[in-house]
Amino acid sequence: MMGFWYIVRMNTELPQSFFQRPVLEVAPDLLGKYLVRTHDGAEKAYLITDVEAYDGETDLACHASKGRTPRTEVMYGEAGYWYVYLIYGLHNIVNIVTGDTDYPAAVMVRGVGAIDGPGRVTKALGINRDLNTLPAKKETGLWIEDRGYMLTKDAVVTSPRIGVDYAGEWAQKPWRFQLVD
DNA sequence: ACGATGATGAAC
DNA sequence: TTCATCATCGTA
């Protein structure tokens, strides 16, 4: 009787511990993971291709550079929660909170699959501020999965973050992480 | 190049 | 209560 090898690929929801690390570690690690959304009856998964890290009160590009405010409070909370805000009165932007409680940091999702642009991502996935402060768990309808894919080291490129020219030297830090085309 | 469009935080 | 600003996008 012949034996057979099986390879089983698991789709595992990222645990909170994944996010409880410095944002500059979490951000590149999110590339190659999947943003999964249940929206009007269907479940869809999108490869995360483009993210940016926002790191603490000293980072002048980070909303928490103004300290604790009603809006930034969620960034001071536990890792693994969504921070969704409206920009320019028009576009929702989605971030995942990272790191220790009381240390405000988050990763913005700038692109998934062929969808390029943080406002386009939220529009395509039906994400708005109803998700703000909710956890990245299947029960909220928006979570992140490891689907078993590995990246080679040269798959990731870094560059300065977009749209934060007001942040002086912080604007130049290479805290945008993308999968190469 | 520019207008849309409303929340946010700070000043008064 | 007013004001400037804003982690953007579509159209021109």
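Every chain is numbered from 1 and lettered A, B, ... according to where its sequence line falls, protein lines coming before strand lines. Side-chain atoms are counted along with the backbone in the values below, which use heavy atoms only and exclude waters and symmetry mates.
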Compute both the distance and the angle, then confirm whether A:Arg21 meets the cation-pi test with A:Phe19: under 6.0 Å from the six-membered ring centre, within 45 degrees of the axis. no

Looking at A:Lys137 and A:Glu13, is there a salt bridge between them, counting it only when a charged N and a carboxylate O are closer than 4.0 Å? yes

DNA chain B nearest-nucleotide lookup for A:Leu90 and A:Pro70: closer to the 5′ end is A:Leu90

Can you give me the dot-bracket string for DNA chain C, 5' to 3', counting Watson-Crick and G-U wobble pairs with both distances under 3.5 Å, using [ ] for crossing pairs and | for partners on another strand? ||||||.||||.

Tabulate below the donor-acceptor pairs under 3.5 Å that side-chain atoms of residues 100-119 of chain A make, not counting sequence neighbours, or state none.
unit_1	atom_1	unit_2	atom_2	d
A:Asp102	OD1	A:Arg68	NH2	2.6
A:Tyr103	OH	A:Asp55	OD1	2.8
A:Arg110	NE	A:Glu52	OE2	2.8

Tabulated below should be each protein N or O lying under 3.5 Å from an N or O of nucleotides 10-12 of chain C; please produce it.
unit_1	atom_1	unit_2	atom_2	d
C:dG10	OP2	A:Arg120	NE	2.7
C:dG10	OP2	A:Arg120	NH2	2.6

Taking only nitrogen or oxygen atoms into account, show me every contact under 3.5 Å that the protein makes with nucleotides 3-7 of chain C, one pair per line with its distance.
unit_1	atom_1	unit_2	atom_2	d
C:dA7	OP1	A:His63	NE2	2.6
C:dA7	OP2	A:Tyr166	OH	2.6
C:dA7	N9	A:Tyr85	OH	3.1
C:dA7	N7	A:His63	NE2	2.7
C:dA7	N1	A:Asn95	OD1	2.5
C:dA7	N3	A:Tyr85	OH	3.2

Regarding A:Gln172 and A:Trp170, is there a side-chain donor-to-acceptor distance under 3.5 Å anywhere? no

Short N-O contact, A:Lys173 and A:Asp59, less than 4.0 angstrom: no

Distance in angstrom units between A:His91 NE2 and B:dG3 C1', rounded: 11 Å

Here the pair of heavy atoms bringing A:Gln16 nearest to A:Ala79 is NE2-O, 3.1 Å

Can you pull out every ring-ring contact (aromatic ring centres under 6.0 Å, His included) where at least one residue sits in residues 34-62 of chain A? Sequence neighbours excluded, please. none

Does any N or O in the side chain of A:Arg161 come within less than 3.5 Å of the main-chain N or O of A:Ala171, such that one atom is a donor and the other an acceptor? no

Give the rounded distance in Å between these two atoms: CZ of A:Arg129 and C1' of B:dT5. 11 Å

As a quick check of understanding, evaluate side-chain contact (heavy atoms from CB on, under 4.5 Å) for A:Leu14 and A:Asp146, giving each step before the final call. CA-CA 6 Å; A:Leu14 293 185; A:Asp146 187 338; 3.9 Å; yes

Side-chain donor/acceptor of A:Thr72 to backbone N/O of A:Met75, under 3.5 Å: no

Is there a donor-acceptor pair under 3.5 Å between the side chain of A:Ser159 and the backbone N or O of A:Pro174? no

Separation of A:Arg68 atom CZ from B:dT8 atom P, in whole Å? 17 Å

Evaluate the side-chain proximity of A:Phe18 to A:Lys33: yes if any heavy-atom separation is below 4.5 Å, no if none is. yes

In numerical order, the residues of residues 167-177 of chain A whose heavy atoms come under 4.0 Å of DNA chain C are none

Are the ring centres of A:Tyr83 and A:Tyr81 closer than 6.0 Å? no

